[in-house]
Amino acid sequence: MRRLPPLGALRAFEAAARHLSFTRAAMELCVTQAAISHQVRQLEQWLGRPLFERRGHVLVLTRKGETYLDELSLAFDRMAAATERVRERRDGPLRITVLPSFASRWLLPRLPAFRERHPEIEFRVSSATRLWEGNDEFDLGIRSGLGRWPGLKADLIAREYLSPVCHPDLAQGPPALTEPADLAKVMLLHDEPRAAWRLWCELAGVSLDLEQGVQFSDAALVLQAAADGAGVALGRLLLAADDLRAGRLVQLFDTVLANDYSYWLVYPRAALQRPQAMAFRNWLLQEAQQARLPPHPGKVA
């Protein structure tokens with residue numbers, strides 16, 4: 001007889017430990033942050049030991065927690081792989097789920113090239129922020145993260161870097177934006193996470209009023225606002241690459257903040273048995289390699 005804690009508590013802990021965030025775990029599992037916290041606390045009580053150290057708003061795994069995460073991730077991977085082997089394969093169009101910002105700013109302008117290369121492949125693209133449950137809704141997904149999703153393979157599309165960008169006319173002024181301190185004179189545009197501006201300011205050695213400005217919920221919207229001249233955005237350079245090349249946006253300074261999260265192609269292990277999925281994967285990674293815009297030389301952290 002196997003003596004196991006509740007499966008829901010294990011899933012909650014594994015997601016929270018992987019993200020080191022109850023909030024991101026709740027988003028992934030489509031539950032509330034309170035539910036994740038409750039399930040993790042329930043698991044810790046069941047085990048009789050803490051799995052996290054809570055240092056203010058920061059979560060840190062204990063040594064036992066780190067060991068448990070490694071073992072649970074392997075177990076979830078094996079369960080997902082076993083499920084995929086026995087799941088009835090469905091024919092039909094290739095189903096792709098993409099982050100809305102990545103879809104609008106990067107993928108959609110390039111899809112005609114894929115269609116031209118593979119006119120025989122029928123595909124459907126849906127935008128969403130959550131990853132699918134049970135691997136039964138989509139064949140491939142494009143997500144932002146650390147590269148670890150239980151039971152799924154992940155291929156790196158591109159690292160993400162952030163730096164202030166704006167319309168060329170706003171950069172030229174008046175007032176001209178020639179050094180980081182000049183950002184105090186213009187409107188700042190924020191997206192999620194808002195803390196990224198603070199980290200960039202620390203890297204650049206400048207103090208700004210980060211409470212002012214306009215907040216956007218999506219990286220594509222904040223870049224569009226910057227291209228329209230509404231202010232200065234801390235732009236994700238991969239998503240801004242086409243606008244930077246075309247001159248609709250300019251990167252103001254050399255200082256570049258490396259984002260912890262990168263863009264990944266995520267899929268069940270059996271997905272690439274479909275030739276259509278393999279063709280899309282190969283095309284996407286090749287396109288990303290060719291289109292990648294390296295960060296402006298200068299400080300990178």
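Side-chain atoms are counted along with the backbone in the values below, which use heavy atoms only and exclude waters and symmetry mates.
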Exercise for review: Return yes when atom CZ of R115 has more than 12 non-hydrogen atoms of other residues, nucleotides or ligands closer than 6.0 Å, and no otherwise.
Suggested key: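 Yes - once you tally the heavy atoms of other residues, nucleotides and ligands closer than 6.0 Å, there are more than 12.
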Review point. Is it true that atom CD of E116 has more than 12 heavy atoms of other residues, nucleotides or ligands lying nearer than 6.0 Å?
Key: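 Not buried by this count: 12 neighbours or fewer within 6.0 Å.
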Practice item. Apply side chain to side chain contact (heavy atoms under 4.5 Å, CB included) to L140 and R95, showing your working. Key: CA-CA 7 Å; L140 303 170; R95 298 155 300 165; over 6 Å; no
Check your understanding: Do L108 and L239 sit in the same hydrophobic cluster, where Ile, Leu, Val, Met, Phe, Trp and Tyr count as joined when their side-chain heavy atoms come under 4.5 Å apart?
Key ->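 As far as the 4.5 Å side-chain criterion goes, L239 and L108 are connected within one cluster.
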Check your understanding: Among the clusters formed by ILVMFWY side chains lying less than 4.5 Å apart, do W46 and L61 turn up in the same one?
Key ->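 Yes, W46 connects to L61 through the hydrophobic network.
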Side-chain touch [X]/[Y], heavy atoms, less than 4.5 angstrom:
| X | Y | answer |
| --- | --- | --- |
| I157 | W264 | no |
| F253 | V165 | no |
| V214 | H190 | no |
| L257 | S163 | no |
| R110 | W283 | yes |
| L189 | L221 | no |
| F280 | F123 | no |

Practice item. Might you work through the side-chain hydrogen bond (donor to acceptor under 3.5 Å, both in side chains) test for R159 and Y261, ending with a clear yes or no? Key: CA-CA 8 Å; R159 303 287 180 190; Y261 276 32; over 6 Å; no
Any idea which heavy atoms bring [X] and [Y] closest together, and the distance?
| X | Y | answer |
| --- | --- | --- |
| R274 | P93 | NH1-O, 3.7 Å |
| A288 | W106 | CA-CZ2, 3.7 Å |
| F13 | G65 | CZ-O, 3.6 Å |
| V250 | A171 | CG2-CB, 3.8 Å |

So, [X] side chain and [Y] main chain: donor-acceptor pair closer than 3.5 Å or not?
| X | Y | value |
| --- | --- | --- |
| D228 | A230 | no |
| S144 | Y263 | no |
| E287 | Q289 | no |

Check your understanding: Going through the checks in order, is the salt bridge (Lys or Arg N to Asp or Glu O under 4.0 Å) test met by E14 and R18?
Key -> CA-CA 6 Å; E14 195 277 339; R18 183 161 29 87; 2.9 Å; yes
Review point. What pairs meet the ring pair (Phe, Tyr, Trp, His ring centres under 6.0 Å) rule with one or both residues in residues 15-34, with sequence neighbours excluded?
Key: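 Matches after skipping sequence neighbours: F22-F52.
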Point to revise | Cationic N near anionic O, under 4.0 Å, D155 to R281 | key: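 Answer for the salt bridge query: yes.
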Review point. Is the shortest side-chain N to carboxylate O distance from D242 to R248 below 4.0 Å?
Key: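 Salt bridge flag = no for R248 with D242.
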Check your understanding: S73 and R148: side-chain donor and acceptor closer than 3.5 Å?
Key ->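 S73 vs R148: donor-acceptor pair found between side chains.
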Point to revise | Any donor-acceptor N or O pair under 3.5 Å, side chains R143, T97 | key: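 Distance-only check passes for R143 and T97.
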Check your understanding: Taking it one step at a time, do D218 and R105 satisfy salt bridge (Lys or Arg N to Asp or Glu O under 4.0 Å)?
Key -> CA-CA 11 Å; D218 183 82; R105 301 294 299 189; over 6 Å; no
Exercise for review: Kindly confirm or rule out a cation-pi arrangement of R198 over W200, judged by NZ or CZ under 6.0 Å from the six-membered ring centre and within 45° of its axis?
Suggested key: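 Because its charged atom misses either the 6.0 Å distance or the 45° angle limit, R198 does not stack over W200.
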Exercise for review: Apply salt bridge (Lys or Arg N to Asp or Glu O under 4.0 Å) to E160 and list each qualifying residue two or more places apart in sequence or on a separate chain.
Suggested key: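 Partners of E160 under the salt bridge (Lys or Arg N to Asp or Glu O under 4.0 Å) test: none.
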Check your understanding: Would R54 and E44 satisfy salt bridge (Lys or Arg N to Asp or Glu O under 4.0 Å), going step by step from the backbone distance to the final call?
Key -> CA-CA 13 Å; R54 295 160 178 83; E44 289 177 323; 3.2 Å; yes
Exercise for review: On the 0 to 90° scale, with breaks at 30° and 60°, tag the H118-F114 ring pair as parallel, tilted or perpendicular.
Suggested key: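 Ring orientation, 0 to 90° scale: tilted.
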